Structures are given as structure tokens and as C-alpha cells.
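Notes follow once the structure below has been shown.
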Amino acid sequence: MDMSQYRDLFVSESKGHIQVFNELIVRLEDNAPDTAAVDELFRHAHSLKGMAATMQYQAVADLAHRMEDLLSRVRSKEIDFVASLADLLLEGSDTLAAMVSAIEADDDRLPDSTGLVDRLAGFRAAGSPPPQQPAGGFDAEPGAGVRDQGAMVPDHQTLHPDSFKSVRVKIETLDRLVNITGELITTRYRLADRALHCEGAQLDEPLNRLSTLLRELRDEVFQARMLPFSFVADRFPRLVRDLSRKQGKEILFQVEGKAIELDRGILEEISEPLVHILRNAVDHGMETPEQRIAAGKPGLGTIRIVVTRDKDYVNIVVADDGRGMDPGRLADKAVEKGMLSREQANALTRHEAFMLVCAPGFSTAETVSVISGRGVGMDAARVAVQALGGVLAIESDTGRGSRFLLRLPISVSIIHALLVECGPLTIGFPVNAIKRTTELRNGEIAGDGGDSFFSLDGRQVPLRSLSRLLGQPSAPDAGDLVPTVVIEAGGMMVGLAVDRLLGQREIFVKPLGIPLNRIKGLTGGAITGDGRIVYVMDAGALL
Amino acid sequence: MSNATVMIVDDALFMRTILGTILKDKGYTVVVEAASGIETMKKLHDCNPDIIFLDIILPDANGIELLDSIFKIKPQAKVILCSAIGQESIIKKGLDLGARYYVQKPFSPEKIAEALESLGE
């Protein structure tokens, strides 16, 4: 029987045994005598012996056998687990590890262990009588039957050798894999595009197969990048605790759905927005215990983060039971700041009024500090969520609390985008950032000095030219119809006139490097099947 | 070739893999594997192996003591004990409790063939 095919399995499983063996010895030294741990040590040595014998690594089997033998003397209480015994066993496991490494490296010269084997066989704890039988007598009767449920899985067993079936991979490697996968998908679109011109080449079947395989590859690669929400959430309890202590507030903080997984890139991007939302909830949302009691509420306030999975999306809700927001007062403040006219403010829906808190410059406190070229605050949170292809929504009940809802794709990079033409450029807007598209007749556009407006559902909506915003030459007048994309920015609807609507497409978005990533509103780039470059934009940031 | 189904109980993936390969070469189907006593009992509720290769030393149990529980739910199963421990009294106890045969590790195709022959396979 050819055993060489099992060598890798032997090496990885042996390493697992040796590592747990070492940890158990150290634990045994630090703690009170623990028969279960001694039993387990015995079992690891025993397993190693059996595996090595099967592989015909006689020296490894002999050494493991002597260690097992010594441990069986500890189990039978013939000797105590003393420090010198621990030393000797650790020396044994070190030698075993060196032997396994040599085997792994295909080195025939295993470390010499004859001296160690003799010392193991002749071990006598100080003051204990010499062994009754010569070492090697195999009188172990391990594990006295099935132990009761509680003792079945002692916690020193949690490090199962199976953990060696996984490997650590650098983030950069995963990023490269995503990148290559994206390029492959783009290349497939290009192939499909070419295939259209090659009738009779019978490319449909292989192209379909390629699509299926690429989808599988993409799913696997994305899965490898997933991390649980707890990865960012584990620091929140401390944050909430510290903030509330400072302000004399009493808050019960809970997180549900910590185990739900998201792409690490998405987790990274939403970490700061979530911190900001939590800060707001503590600073502005939550009242002091006195205020709460006066309002007939329990003194202890609650902030909860609930994470749920909904198909390809993850919903994150940050809810507090604080004072809530008043849409009327938000609208008034927007008028005061000159962001909206009284008329516009009166026309706001409830939802639009709450979204005002995400408008740039709405909160004075937020306009002054700028980190790494990006604004901070709710404005930045909204931009971050939208750039990921997600949606941020706000609900609030005056006196009863607020809810911030983040709906995010579980994985980044591939988003549904609406592609539009703007001069020589192809621009992509994440579909979920778009309220609707429409075509305006010239007669429907009203001029008011330099500003244009059009009427949508009975409301006056400002109309901006995308080419002007991007500093592109305006397109020659295409005729009577103006294709328009309607977006929501800072609680207000805005129309963007474009040259042409190209339709919806699934695109693979790549992050931009310096200096492109400093351009306001530009969140990423993509390449379409026919080789066009798409500039992915956050429309709100342009205005 | 045999159409008998087999369960392998051993805490080492290495041992299960090797034994599985030997058995497959002989035409047996390994329908289920388990790495602990608890796993064995759980999985035995959902399957019906003709033959069980049972390691004596398991992380949470002693294979000999497990025999009773196995026969309670699968009285027809033919159990072959496996271990690197060759102590007669333990093996005798296992055979008294209903195990059919004992294979001393390390496994070899010859030893496994002998064990299967003893079952009339």
C-alpha cells in the first residue's frame, strides 16, 4: 500500500495533535490536577503513535509511544504530574514537532530521539518509587466509558486538529482574487459582445457554461471575504458606555445578529458611519434619566442594533427609544439655514424631512471637521452607504425614538447601475440612489433666472445639467426631449439632465487610486463589455 | 466485491481516510464516519450500516463502553474493534459484549481483509 499519498494529511493532523498537546501541558502546570486533561494528553500521544506506525515512521511512533506510556503512569496515579515531567513531555512534543517538520520537508534524517526515549522510559519523579513494570507495558484503559453530557466536551478540547484545515490568507490576496474575478466577468461580457458578430460560431453553449462557472467563482471568492458583523460591532458597547457615562445618561445597548456576515470591504466602509449614527443616538437622541422619567418613560434608555439578512442584502437598524425628531422643526431649520425656501420646506414629505439631517451643512457641528478629504457626519454616512450600492433611510416618532435603517448589499464590487451618457463620458449611478428617470419636453422646463425647474408630481423640482456639473461640453441639442435622472439629495429631489440614458447594467466597480479618488462625487470605475470606461458617481455629492 | 455498508468511527481523519480507502478498494461503501462517541450515537440514528469499525480510544468515550449503546439501537450491526492498544483483557471484554473481531493498528489491507472474512463477508 502506497502511503506517500497520505503524508500531507499525516503532517497536518500530527501538527494539530502536537499543538493541543503543548497547550494542555501548560494548562495542567498552571492548574489543579485535571484527570480529563491527562486523559486527553494520553489520547493525543496515542493517536500520534497510531498514525506514525501506519505511515511507518518508526522513530516518531516510538517517541509517541514512550510519551503515551509515561502519561498512562500519571493516569494510574503511579506518578504525579510534576514540573520535571511537564518539561520532559514538552521536550518530547518539541522533538515530535521537529520530526514532523522534517517529514513535511521530505528530509529523511529525522532528529535523533534515542536519548529522550530512554529518559522518558526511565522517568522517576523525585521521591516516587521506581516503576513496578518496565516502561512499555501497555496497561492503559482509557476514558472510563461515556462520560456524562456535561463532561463530554471539556473546553480544553476546543482546539480541534481540524482547525488546521484552514489557512490564513492576506487581505491583498483576496482583493486580487476579486479583481481578477471581476476582470474575468468583464472579459466574458466582451466575448459575448464579439460573439454577436460571429454567427454560426456556436459560442452560446460555452459562453453559458462560462457564465455559470464565473458566477460560482465569484460567489466563492466573495464568500472568502465575508466577516461577521461582530467584527465591527464588538467595539460599540464600549463606545456607547463611555459616551453615556460622560453625559450622565443611562443606556442599555444591545446588538442582535452579530453573526451575520458581510463583505469585509463593506464592513470597513460602514464602520465609521455606524459609529456616527450611534454617537448621534447617544448625544442627541437619548435624554437624561430625569428627562425620560418626566416624559413618563423608564429612566433607562435603550439603543439596539438589529442586523438581518434579506437575500443578497443585509439590513442594519439602529434604533433608540429617545426623544425622536420632529419633521416640522427639521424643515424650519433648513429654511433658517437658507437651504430650502419656505415653499419647498412645506412640500417636504415626512421621509424627506428626516433625510435633511443627511444634507451637507445641515448640522453646523458637522461642517467644520473634515477627515481625509471626506466630510464627516450624517452626510458622509449617506454617501458611504450609497457608494456601496446601499440605501440609508430614517424613521422617527417625536418623543418615542428614531430608527436609522441601512440596507446594504452583502458584497461589494458588483452593483446595478444606471448608465448615462454625458458628453464623451459614460456615467454610472447606483440604481438605488435614483428616484426615477423621465424625459422632459422643452416646454416642461421653466426658467427662473439662471435656474431651471420642472414639475414632478405637482412639485417644483430643480433641474441641473450633468455636463455642466462635470465641466463637460454640452451636447448638441438632441431635439425636443431631455433625458433626466431624478435623484434625492439632502431631502430634496433634483433632476439631472443627461445626454442619453443607456439603461441598467450589472457592473463590477473597482476602487480608484490617488488622485482620482479625491475627485468629489467620483466613487469608482468600471469597464463595460464593449470596453467603455464607466465613471461611477454619487450624484448627491455633485450638487 | 461486497455491497455491505460501513461506518467508520475514529477521531483521526488520517485513520478514517486510510481505512476508507482500503474498504473502498475492496468494494465496500462507507456510508458514514464519526469522530467521537456522541457523533457516533447521533449519526447511528439516521443510518443503518452493516459493519462498524470502532476505535477504542475516542475523545469523549471508550469504544468498549459504547458497544452497549450501539447494540441497543442497531442490534444487527457487526462491530469490528480497532486500536493500537493490544491489551487482551480490554479486547476480550469488547468481544464478550458482542464485537465480532479486533484489528490492531496500524491498518493494512491484509488485516482488514482478515477482519472482513471473519464476518463471513
Side-chain angles (χ1 to χ4, degrees), chain A residues 1-3 5-17 20 36 39-40 42-58 61 64-65 68-69 72 136-154 156-158 160-162 164-165, chain B residues 9-26 33 35-42 54-70 72 82-94 97 103-113:
Chain A
M1 194 178 178
D2 174 23
M3 299 307 292
Q5 55 179 319
Y6 302 110
R7 198 185 64 177
D8 289 350
L9 187 57
F10 168 79
V11 168
S12 72
E13 212 163 337
S14 298
K15 282 184 177 176
H17 282 297
V20 181
D39 284 351
E40 212 199 327
F42 174 88
R43 193 174 56 77
H44 286 294
H46 178 74
S47 291
L48 262 169
K49 180 183 78 172
M51 283 162 46
T54 308
M55 292 298 291
Q56 289 154 18
Y57 297 132
Q58 206 48 52
H65 174 93
E68 177 194 4
D69 198 45
S72 84
F138 229 102
D139 63 341
E141 189 177 345
V146 177
R147 288 174 217 126
D148 64 339
Q149 286 283 347
M152 287 299 273
V153 189
H156 49 254
Q157 224 177 281
T158 45
H160 195 265
D162 273 6
F164 284 79
K165 283 184 201 160
Chain B
V9 181
D10 197 311
D11 58 325
L13 172 66
F14 173 83
M15 287 298 183
R16 296 199 304 273
T17 308
I18 285 184
L19 182 53
T21 312
I22 294 175
L23 288 166
K24 271 171 219 156
D25 286 349
K26 295 188 185 298
E33 295 183 4
S36 68
I38 279 198
E39 202 184 339
T40 304
M41 298 321 293
K42 266 191 195 155
L54 178 63
D55 186 22
I56 294 181
I57 300 183
L58 293 169
D60 57 359
N62 172 334
I64 303 291
E65 317 262 336
L66 207 57
L67 280 169
D68 259 349
S69 324
I70 291 175
K72 233 171 247 167
C82 317
S83 181
I85 291 180
Q87 206 198 3
E88 264 180 40
S89 64
I90 296 176
I91 296 152
K92 186 171 180 305
K93 192 176 167 197
L97 284 167
V103 180
Q104 182 156 8
K105 291 180 185 174
F107 295 127
S108 72
E110 297 73 33
K111 285 188 199 168
I112 301 302

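The chains referred to below are lettered A, B, ... by the order of the sequence lines, with proteins before strands, and numbering in each begins at 1. Predicted model only: the values in this text are computed from it and were never measured. The analysis underlying the following values was restricted to heavy atoms, covering all of them including side chains, and did not include hydrogens, waters or symmetry mates.
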Item to complete: List the steps, then state whether side chain to side chain contact (heavy atoms under 4.5 Å, CB included) holds for B:S83 with A:H46.
Response: CA-CA 10 Å; B:S83 181; A:H46 178 74; 3.9 Å; yes

Interatomic spacing from [atom1] in [X] to [atom2] in [Y] - rounded to 0.5 Å:
{"X": "A:D39", "Y": "B:I57", "atom1": "CG", "atom2": "CD1", "result": "9.5 Å"}
{"X": "B:F14", "Y": "A:M51", "atom1": "CZ", "atom2": "CE", "result": "5.5 Å"}
{"X": "A:S47", "Y": "B:L13", "atom1": "OG", "atom2": "CG", "result": "12.0 Å"}
{"X": "A:E13", "Y": "B:M15", "atom1": "CD", "atom2": "CE", "result": "9.0 Å"}

Response to the item:
chain A shares the most heavy-atom pairs under 4.5 Å, among B:T21, B:I64, B:D10, with B:T21

Worksheet item: So, does A:E40 use its side chain to make a donor-acceptor pair with the main chain of B:P59 at under 3.5 Å?
Response: no

Discussion item. Walk me through whether A:R43 and B:D11 qualify under side chain to side chain contact (heavy atoms under 4.5 Å, CB included).
Written reply: CA-CA 10 Å; A:R43 193 174 56 77; B:D11 58 325; 2.5 Å; yes

Discussion item. Looking at every heavy atom in both B:P106 and A:G50, which two are closest together, and how far apart are they?
Written reply: CB-O, 4.4 Å

